[in-house]
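By convention here, the first residue in the shown sequence is residue 1. What's counted below: heavy atoms across the whole structure, side chains too, no hydrogens, waters or symmetry copies.
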Amino acid sequence: PISQSVGGGGGHGGYATTVTAAGVTASAAVTVGGSGGSGGDGDAVTVSNSASVTTQGSDSHAIFAQSVGGGGGAGGFTVADVAGSIGNIYQVSVGVGGSGGSGGDGDAVTVSSGTGAISTAGDRSVGVLAQSVGGGGGAGGFSITANTALAGSLAVDVAVGGSGGSGGSGGNVSVTSGSAIGTQGNNAYGILAQSVGGGGGAGGTAVSGAIALANAAVTIGGSGGTGGAGGKAGVVNTGDISTSGSSAAGILAQSVGGGGGAGGFSSSVALTGNITPTVSVGGGGAGGGAGNEVSVTSSGHISTQGNVSQG
């Protein structure tokens, strides 16, 4: 049996671009990218099985229960440019990338299997797979700004990358099994109970360039999004389990926090002026999510035969 609840992905933020032909005295171009939408949450999933289940193909789990949060949408990018002034006194270009949306949360997953025998014969075909996964955060939008003053006095560029969205949390996962379980393929665990937090989105890149008599360029990369936390993972097993393939543990229970998003790249260039200060600040990387409590209680006999196949 397969039982899944999957949240929808968040929509991407709209991009924003503007190109301004320079005016006589002052010109400005400002763009702000739209924020990405948040991913939807997965709902709770419960499976109760008392029948015998047999599968023979690859990637064919006997019991598969999963709750998955949707990924956050990416932030919109921005491009702002003031072009071609002659004798313009002031020119300013500002761009701010949109923020990435947060990933949705996975919910609780509960599986109980009674006395029915379970067997799989393909690679990556798990006997009982229960999983709750948080959605990944959306990436922040990039930002590019530019100024070209052929004979102007002052040009200022500011570009800020959008922040990455935070990853969603994994829900609690619980498996109670009295079934005799046998798997024959590689990477075919007897029981896999896993809660995984979503990864944080990467911060947006920021790039700016100015050409004028006096010009300044400032860029700040977007911050990465925080990784989501893993939930609790627990297994209570009273049945016998046997696996014959490599990397096929009898029971594997995990709680894994999501990785933090990388900070955005930053670069600024100011050319040909008498005064050309530039400032570039890379975006900060975010912290990873925490793992949670994992518990396994087993009174059944567990037998594994392949390499890297723990009981």
Asker: For L192 versus L129, what's the shortest heavy-atom pair and its separation?
Answerer: CD2-CD1, 3.3 Å

Asker: Indicate the atoms forming the closest heavy-atom contact of A80 with T31, along with that distance.
Answerer: CB-OG1, 3.7 Å

Asker: Restricting to non-hydrogen atoms, name the atom on S244 and the atom on Q184 that form the minimum distance, rounded to 0.1 Å.
Answerer: OG-CA, 3.1 Å

Asker: Are I181 and V47 connected, step by step, through hydrophobic side chains (Ile, Leu, Val, Met, Phe, Trp, Tyr) whose heavy atoms are closer than 4.5 Å?
Answerer: yes

Asker: Could you walk me through whether N237 and I251 pass the side chain to side chain contact (heavy atoms under 4.5 Å, CB included) test, one step at a time?
Answerer: CA-CA 9 Å; N237 174 64; I251 298 174; 4.0 Å; yes

Asker: Is the backbone N or O of S67 less than 3.5 Å from a side-chain atom of S5, with the two atoms forming a donor-acceptor pair by type?
Answerer: no

Asker: For F265, what residues pass the ring-ring contact (aromatic ring centres under 6.0 Å, His included) criterion, not counting sequence neighbours?
Answerer: none

Asker: Mind checking the CG-OG spacing from D157 to S93? Nearest 0.5 Å is all I need.
Answerer: 5.0 Å

Asker: Count the heavy atoms of every other residue, nucleotide or ligand shown that sit under 6.0 Å from CD of Q56, and state whether that count exceeds 12.
Answerer: no

Asker: Do you know the tightest heavy-atom contact between T183 and G127?
Answerer: CG2-N, 4.0 Å

Asker: Decide whether S143 and T78 meet the rule of one side-chain donor and one side-chain acceptor closer than 3.5 Å.
Answerer: yes

Asker: Show your reasoning for whether side chain to side chain donor-acceptor pair (under 3.5 Å) applies to S280 and T219.
Answerer: CA-CA 5 Å; S280 292; T219 56; 3.0 Å; yes

Asker: How close do S268 and V218 get, heavy atom to heavy atom, and via which atoms?
Answerer: CB-N, 4.5 Å

Asker: Any side-chain heavy atom of S195 within less than 4.5 Å of one from K232?
Answerer: no

Asker: According to a hydrophobic-cluster definition based on side-chain heavy atoms being under 4.5 Å apart (Ile, Leu, Val, Met, Phe, Trp, Tyr only), do V207 and Y15 belong together?
Answerer: yes

Asker: Might you point out which heavy atoms bring N292 and G231 nearest each other, and give the distance in Å?
Answerer: CB-O, 3.3 Å

Asker: For H12, I'd like to know if atom NE2 has over 12 heavy atoms of other residues, nucleotides or ligands within 6.0 Å.
Answerer: no

